[in-house]
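Note sheet for the following structure.
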Amino acid sequence: MGREIQAIKFSGEDRRVYREKVRRSLDALARMLRDHLFEDNPASVGQEIELNLVDSQALPSMRNTDVLDAIADPAWGVELGQFNLEINVPPRRLAGDALAELEQVVRDDLNAGDEKARSTGTRVMMVGILPTLRKQDMHLGTLTASDRFRVLNEQIFAARGEDMRISIDGAEKLLTHTDSITPEAACTSLQLHLQVNPESFANYWNAAQAAAAVQVALGANSPFLFGRQLWHETLITLFEQATDTRPDELKEQGVRPRVWFGEHWITSVFDLFEENLRFFPALLPICEDEDPLAVLDGGACPQLAEMSLHNGTVYRWNRPIYAVVEGRPHLRVENRVLPAGPSVADVVANAAFYYGLVRTLAEAQRPIWSQMAFATAGENLHEAARRGLDAHLYWPGLGEVPVAELVLRRLLPLAREGLSRWGVNPVHADRLLGFIEQRCITGQTGAAWQIATVEAISGRGGVGRLDALRQMTERYIDHMHTNEPVHTWPVIA
C-alpha cells in the first residue's frame with residue numbers, strides 16, 4: 001500500500017482480471033514454497049514509525065508536504081492525513097548491539113527531522129493518537145493530496161454505501177459519523193517487521209497473535225480522541241471502525257472486517273494470502289504486466305504485485321509480507337498493534353520485548369496456540385486495549401491474570417531468553433526489558449501518564465478539556481525529547 005497509483009476508475013472487467021491475477025500469484029507462491037525458493041537463514045528486523053505534526057499551540061499542523069520537503073530524506077514519507085508523516089528504519093540483523101544501534105539511529109533521525117520541521121513552524125510527536133485532534137480536523141480537506149489515498153477513500157465508501165459510524169464506549173462515550181476515511185489518520189502506530197523463513201512463518205505468526213494483547217497493554221498510548229477519554233489504546237477500536245467497508249446488513253451476514261484479527265491459528269503463510277482472496281473483494285484492482293508463472297519458468301522470482309497490493313488492503317494486526325530484494329524473495333511478519341511513542345527508548349523497549357517473546361513462543365516444545373483458543377487471543381486484545389495495565393488476560397497455566405503479573409512472572413523471562421537466542425547483547429536486553437518491568441511495577445504507560453496529567457491540569461479549576469489536552473501535549477513533547485522512558489515521567493500540574 002506504500003506505492004503511488006494513478007487516478008483511475010475501475011470497471012467490472014478490471015475486477016475480474018485482477019482476481020484472476022491474484023489467483024495466478026497464489027499459484028506461483030505455492031510453487032515457490034514447495035520448491036524452497038525463499039531466503040533460508042533470515043534474522044532481519046525493521047520498523048516503521050508513524051508520526052504526528054503539531055503547531056506552536058500543540059494543535060494538528062496540516063503541513064506534512066512542507067515538512068517532508070524540509071527534511072528531504074527518502075526514509076521519510078507522507079501518511080494518510082496532512083498532520084502525519086512516517087519514517088522507515090532500515091532493516092538490520094538482530095544480534096549483538098543491534099538494539100542499541102537502532103535506538104541511536106531512530107533518535108538521530110527524529111531529532112534531525114524535528115529540527116527541520118521546526119523551520120516550517122511544526123513539531124514532530126510520537127503518540128498513538130494526537131490528543132488535541134478535534135472532529136473538525138477530520139474531513140476530506142485534511143487528506144494528504146495523493147491519488148492512492150483519494151482512490152482508497154472512494155473505494156471504501158463505494159463498498160460501504162453509507163457514512164461510517166464510529167462508536168466507542170470507554171471512560172467517556174463517543175458517537176460520531178464520517179463521510180471519509182480521515183479518522184484512520186488519527187491512528188499512528190509502530191510497525192515491527194520480522195523476517196522469517198517459510199517453514200517457521202506459521203509459528204511466528206501464531207506467536208505474534210498470542211502476544212498481541214500483552215503488547216497493547218504494555219504499550220498503551222492513545223487514551224484520548226476528539227476531546228474524550230476512551231480506551232487506554234483507542235487506536236485498536238478506532239482503526240477497526242474507520243476502515244470498515246461493511247454496512248450493518250453485511251455485518252449481520254458474517255462478512256469479515258478488513259481490520260481483522262483472524263479466526264484461526266495457521267499452518268502456513270499460504271493460509272493468510274489465500275484467505276485474502278477468498279474473503280475480501282479488491283479495493284484497488286490494479287494489474288501489472290508480469291505473468292508470475294512465466295517469470296518462475298524463466299528462472300527468476302516474480303514480484304506478485306497483485307497479491308501484495310490486495311494484501312495491503314487487508315489490515316491484519318499481524319500481516320504477512322512478501323517481498324523480493326536483490327532477486328531473492330523473503331517473508332516477514334508485520335506486527336501492527338502498537339501505537340507510536342512515547343519516547344524512542346520506549347519504542348525500542350517495546351520492540352525488544354516483542355522480538356524476544358515471539359522467538360521463545362515460536363520455538364516452544366508445547367506451542368501456546370495448542371493451549372489457547374484463537375478466539376480467546378482476540379478477546380484478550382480488546383480487553384488489553386480497553387484497560388491497559390489494568391486488564392486481566394487469559395494465559396495457559398495461569399487462567400485469568402492481571403497483565404502486570406503475567407508479564408513479571410511469566411513473559412519477561414521468556415522475552416529475555418528469546419533475545420539471548422537472537423544473540424542480543426545481554427546488557428542492552430536487560431536495560432530495555434527493565435523499562436518493561438518498571439512499567440508493570442509503577443503502572444505507568446503512556447496512556448496512564450496522559451490520563452493522570454490531564455486530570456491534574458483540569459483539577460486546578462477553570463481549565464477546559466481542550467486546553468488541558470493542549471498543555472499535556474506540550475509536556476509530552478518535552479519529555480519525549482529527553483528520551484527518558486515513560487515510567488519515569490512525572491505527573492505535574
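Quick caveat, the model's predicted, so the values are computed rather than measured.
The main-chain N or O of A340 is found under 3.5 Å from a side-chain atom of N221 such that the two form a donor-acceptor pair. No donor-acceptor distance shorter than 3.5 angstrom exists from the side chain of N318 to the backbone of V333, with no hydrogens or angles considered. Judged by distance alone, the side chain of N483 and the main-chain N or O of A345 form a donor-acceptor pair under 3.5 Å. Side chain of T234 to main chain of W231: a donor-acceptor pair is present (N/O by atom type, distance under 3.5 Å, no hydrogens or angles). Proximity of a side-chain donor or acceptor of E184 to a complementary backbone N or O of L80 within less than 3.5 Å is not detected. The closest donor-acceptor contact from the side chain of N84 to the backbone of G81 lies under 3.5 Å. Under a 3.5 Å cut-off, the side chain of T488 and the backbone N or O of E484 do not form any donor-acceptor pair. Proximity of a side-chain donor or acceptor of Q450 to a complementary backbone N or O of P223 within less than 3.5 Å is not detected.
Screening D137, L53, T144 against M62 for a side-chain contact (heavy atoms from CB on, under 4.5 Å) leaves a single residue, D137. Each of F239, F279, Y315 was compared with W260 under the ring-ring contact (aromatic ring centres under 6.0 Å, His included) criterion, and only F279 meets it. Results of the side-chain contact (heavy atoms from CB on, under 4.5 Å) test with Q229 over V454, L174, I451 single out I451 as the only residue that passes.
Using a 4.5 Å heavy-atom cutoff, the side chains of L29 and M307 are in contact. For the pair I436/L218, a side-chain contact is recorded, criterion being any heavy-atom separation below 4.5 Å from C-beta on. Here the side chains of H310 and T313 are in contact, with some heavy-atom distance below 4.5 Å. Here the side chains of H392 and V403 are not in contact, with every heavy-atom distance at 4.5 Å or above.
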**Prompt:** Taking it one step at a time, do S343 and D346 satisfy side chain to side chain donor-acceptor pair (under 3.5 Å)?
**Reply:** CA-CA 5 Å; S343 68; D346 290 306; 2.8 Å; yes
(request) Could you check E39 against Q195 for side chain to side chain donor-acceptor pair (under 3.5 Å), going step by step and ending with a plain yes or no? (result) CA-CA 10 Å; E39 190 173 345; Q195 186 179 337; 3.2 Å; yes
Inset, instruction - Take R134 and L466, measure what side-chain contact (heavy atoms from CB on, under 4.5 Å) needs, and give me the verdict at the end. - result: CA-CA 9 Å; R134 301 155 298 182; L466 180 59; 4.3 Å; yes
Would E437 and L408 satisfy side-chain contact (heavy atoms from CB on, under 4.5 Å), going step by step from the backbone distance to the final call? CA-CA 7 Å; E437 180 182 48; L408 293 171; 3.7 Å; yes
Can I168 and Q241 be said to form a side-chain contact (heavy atoms from CB on, under 4.5 Å), step by step?
CA-CA 9 Å; I168 305 174; Q241 296 183 56; 3.8 Å; yes
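Using a 4.0 Å cut-off between charged side-chain N and carboxylate O, R123 and D55 make no salt bridge. Under 4.0 Å is where a charged nitrogen must lie from a carboxylate oxygen, and between R316 and E275 at least one such pair does. No salt bridge links R386 with E233; every basic N to acidic carboxylate O contact stays at or beyond 4.0 Å. Between D467 and R470 there is a salt bridge, with a side-chain nitrogen of the basic residue lying less than 4.0 Å from a carboxylate oxygen of the acidic one. Ion pair R431/E103 flagged as a salt bridge, since at least one NZ, NE, NH1 or NH2 atom sits closer than 4.0 Å to an Asp/Glu carboxylate oxygen. The existence of a salt bridge linking R336 and E48 is excluded, since no basic side-chain nitrogen approaches an acidic carboxylate oxygen closer than 4.0 Å. Contact check on D390 versus R387 returns no salt bridge, with no Lys/Arg side-chain nitrogen under 4.0 Å from an Asp/Glu carboxylate oxygen.
Atom CZ of R319 sits about 9.0 Å away from atom CG of N276, to the nearest 0.5 Å. Distance CD/Q47 to CG/L338: 11.0 Å, rounded to 0.5 Å. The CH2 atom of W422 sits 12.5 Å away from atom CD of E417, with the distance rounded to the nearest 0.5 Å. Note that the CD atom of Q209 and the CH2 atom of W265 stand 6.5 Å from one another [nearest 0.5 Å]. Separation of atoms OG1 (T243) and CZ (R258) is listed at 9.0 Å; rounding is to 0.5 Å. Here the straight-line distance linking atom CD of E383 with atom OG1 of T376 works out to 12.5 Å at 0.5 Å rounding.
Atom CD of E115 sits in a sparse spot, with 12 or fewer heavy atoms from other residues, nucleotides or ligands closer than 6.0 Å.
Between Y322 and F38, the two ring planes are perpendicular [angle over 60°; tilted spans 30° to 60°]. Ring pair H487/F435 is tilted by interplanar angle, where 30° to 60° counts as tilted. Between W449 and H479, the angle of the ring planes goes over 60°, which puts this pair in the perpendicular group of the 30/60° scheme.
Between the side chains of N311 and S308, no donor-acceptor pair is found at a separation under 3.5 Å.
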